[in-house]
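Computation of the quantities below employed the complete heavy-atom set of this structure, encompassing side-chain atoms and omitting hydrogens, waters and symmetry-equivalent molecules. Positions are given from 1, in the same order as the sequence printed here.
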Amino acid sequence: MTTTQPLRSTARETTSPGGSVASAASATPEPENRPEEQPEQQRRSWVPGPILPQRLRPANRPKLWLEIGLIAVGYYLYTLTRLAAPAHETSARQRGWDLLKAEHYLGLNFERSVNHWVYGMRWLAFSMNVYYATLHFIVPIAVLIWIYVKFPDRYRTVRTVMCAMTLIALFGFYFYSLCPPRLLPNSNFIDTFKLLNPWGQTSATSDGVAGLGSSTNEYAAMPSLHIGWSTWCALAIVHLAERTWVKVLGVLYPICTCVVIVGTANHYVLDAVGGLVTLGLGFLLQRILQGRSAFAPAPSTELVGPVELPKQPDGSQKPRGGSESESVRPTIHTQA
């Protein structure tokens, strides 16, 4: 004759002082996380955020049409600042003189000397004109594509920094129109674009940056997006690139850009400082919106979706990791 004992759980049972029975597995306190094991997103930070809900800050690669739409919106906003530029011409020139006085007081008014030194070497001035008009767009787009392809989990955060910085700069262009040194009357600056235009135009028709004429806002000097974008590129390359020589080129890019914008008399030194401040505000805004560092890998909670549990023969799903007590087979005793 055989007898079958009832199913028993492998979890050890304990009796509480009140007489109730509790599982030892549930009574055992969870081990506390050590400080070094805590996730980065749980560490306290002086920066508030994230203010966006989880569903609005995914870490996957965005759709290409979304990126094209953002570019279209940015160009539309830039067009608004360009159309308002003629009405700000008088105030923009006055701000130019005020900025030169401030730089003289701070000991930073060396733009004129650098500008005349660059123009003294025609090949250098011509090369800087080409650099200024082309790399400002080519390099940031190339870096964006590189991050989009190679680092999809970090693309949204890095791109958000650039968009936030550009949006802040557009507000500066609209509310603080500033005449660049090369267009400031009686300032003794040399307009290298008019004298050595890289597109082959004569001085009479070369009235805009890169020969674009009316499509350019010539009073958009403060802050300098040439410095903001180039420094953004440098930070992205230094954080994400693997080869040392690539990192070195990334660091040299904003340094060369700073020399170019001053040598061609397109910006004041304080414009470059304004570009760095705008970039810093872009990083701050991105951190508040998304709650994590722009160049840090995305947390696993943002990358991994719901885990499918294995189905049992009866159609139910069993959690992984032994979270539930496993039943043991009954012990069979044989009696004579």
Side-chain angles (χ1 to χ4, degrees), residues 40-41 50 52 56-75 77-78 127-128 130-170 210 223-261 272 275-304:
E40 180 182 356
Q41 62 271 21
L52 292 179
L56 295 181
R57 45 188 176 93
N60 61 326
R61 183 186 290 115
K63 301 295 184 181
L64 186 58
W65 62 265
L66 175 63
E67 303 307 299
I68 297 176
L70 287 175
I71 294 175
V73 172
Y75 181 76
L77 295 176
Y78 173 77
S127 301
M128 285 188 174
V130 176
Y131 181 109
Y132 182 90
T134 57
L135 294 187
H136 175 54
F137 301 102
I138 294 176
V139 176
I141 292 175
V143 172
L144 273 175
I145 296 175
W146 172 60
I147 300 174
Y148 185 87
V149 174
K150 294 293 185 180
F151 307 95
D153 62 319
R154 277 163 275 195
Y155 175 80
R156 290 179 184 267
T157 54
V158 179
R159 180 256 284 147
T160 300
V161 174
M162 186 180 192
C163 291
M165 168 182 56
T166 305
L167 183 61
I168 296 172
L170 290 178
S224 171
L225 273 183
H226 277 75
I227 294 300
W229 285 7
S230 63
T231 307
W232 172 87
C233 292
L235 292 175
I237 293 173
V238 169
H239 279 88
L240 302 178
E242 296 181 356
R243 294 179 175 85
T244 303
W245 67 271
V246 177
K247 295 177 182 289
V248 172
L249 289 179
V251 173
L252 291 177
Y253 177 49
I255 297 176
C256 294
T257 301
C258 186
V259 176
V260 167
I261 65 173
L276 295 177
V277 172
T278 305
L279 176 60
L281 294 176
F283 274 105
L284 178 61
L285 183 58
Q286 176 273 325
R287 186 64 178 268
I288 294 174
L289 291 175
Q290 298 175 314
R292 65 184 177 97
S293 174
F295 301 109
S300 58
T301 56
E302 298 183 11
L303 293 175
V304 181

Novice: Taking the side chain as every heavy atom from C-beta outward, state whether Ile288 and Pro50 have any pair of such atoms under 4.5 Å apart.
Specialist: no
Novice: Considering only heavy atoms from C-beta outward, does the side chain of His136 approach that of Leu225 to under 4.5 Å?
Specialist: yes
Novice: Can you name the closest pair of heavy atoms from Pro152 and Val149 and give their distance?
Specialist: CD-O, 4.1 Å
Novice: Relative to each other, are the rings of Trp146 and Phe151 parallel, tilted or perpendicular (30° and 60° limits)?
Specialist: perpendicular
Novice: Given side chain to side chain contact (heavy atoms under 4.5 Å, CB included), test Ile237 with Leu249 step by step and report yes or no.
Specialist: CA-CA 9 Å; Ile237 293 173; Leu249 289 179; over 6 Å; no
Novice: Within the side chain of His226, is there an N or O that forms a donor-acceptor pair under 3.5 Å with the backbone of Tyr132?
Specialist: yes
Novice: If you measure from CE on Met165 to OG1 on Thr278, what distance do you get to the nearest 0.5 Å?
Specialist: 8.0 Å
Novice: Quick one: do the Tyr253 and Thr231 side chains pair a donor with an acceptor below 3.5 Å?
Specialist: no
Novice: Decide yes or no for Tyr78 and Thr166: does some side-chain heavy atom of the first lie under 4.5 Å from some side-chain heavy atom of the second?
Specialist: no
Novice: Side chain to side chain contact (heavy atoms under 4.5 Å, CB included) between Val238 and Phe295: does it pass, once the steps are laid out?
Specialist: CA-CA 10 Å; Val238 169; Phe295 301 109; over 6 Å; no
Novice: Taking Ala294's backbone N and O only, do any of them form a donor-acceptor pair with Arg287's side chain (distance below 3.5 Å, no angle check)?
Specialist: no
Novice: Parallel under 30°, tilted from 30 to 60°, perpendicular over 60°: which one fits the rings of Tyr155 and Tyr148?
Specialist: perpendicular
Novice: Of all heavy-atom pairs between Val130 and Thr134, which one has the smallest distance, and what is that distance?
Specialist: O-OG1, 2.6 Å
Novice: Quick one: closest heavy-atom pair of Met162 and Pro140, and the distance?
Specialist: CE-CB, 3.7 Å
Novice: Which value, rounded to the nearest 0.5 Å, describes the distance between Leu235 atom CG and Ser230 atom OG?
Specialist: 9.5 Å
Novice: Is it true that a side-chain atom of Lys247 and a backbone atom of Glu242 form a donor plus acceptor pair closer than 3.5 Å?
Specialist: no
Novice: Between Phe137 and Trp229, how do the two ring planes meet: parallel, tilted or perpendicular, split at 30° and 60°?
Specialist: perpendicular
Novice: Measuring from atom CD1 of Ile227 to atom CG of Leu279, what distance do you get when rounded to the nearest 0.5 angstrom?
Specialist: 10.5 Å
Novice: Given side chains that start at C-beta, do those of Gln286 and Thr157 come closer than 4.5 Å, heavy atoms only?
Specialist: yes
Novice: Side chain to side chain contact (heavy atoms under 4.5 Å, CB included) for Gln290 and Thr160? Distances and angles first, verdict last.
Specialist: CA-CA 9 Å; Gln290 298 175 314; Thr160 300; 3.6 Å; yes
Novice: Between Leu144 and Val158, is there a side-chain heavy-atom distance shorter than 4.5 Å?
Specialist: no
Novice: I'd like to know whether Ile261 forms a side chain to side chain contact (heavy atoms under 4.5 Å, CB included) with Met128, so could you lay out the CA-CA distance, the side-chain angles of the two residues, the decisive distance to 0.1 Å, and finally the verdict.
Specialist: CA-CA 8 Å; Ile261 65 173; Met128 285 188 174; over 6 Å; no
Novice: Can you measure from CZ (Arg61) to CD1 (Ile147) and round to the nearest 0.5 angstrom?
Specialist: 12.0 Å
Novice: Do the charged groups of Glu67 and Arg159 touch, with an N to O distance under 4.0 Å?
Specialist: yes
Novice: Using the rule side chain to side chain contact (heavy atoms under 4.5 Å, CB included), only one of Leu276, Leu167, Ile168 pairs with Leu281; which is it?
Specialist: Ile168
Novice: Ignoring hydrogens, what is the shortest heavy-atom contact between Cys233 and Val139? Give both atom names and the distance.
Specialist: SG-CG1, 4.0 Å
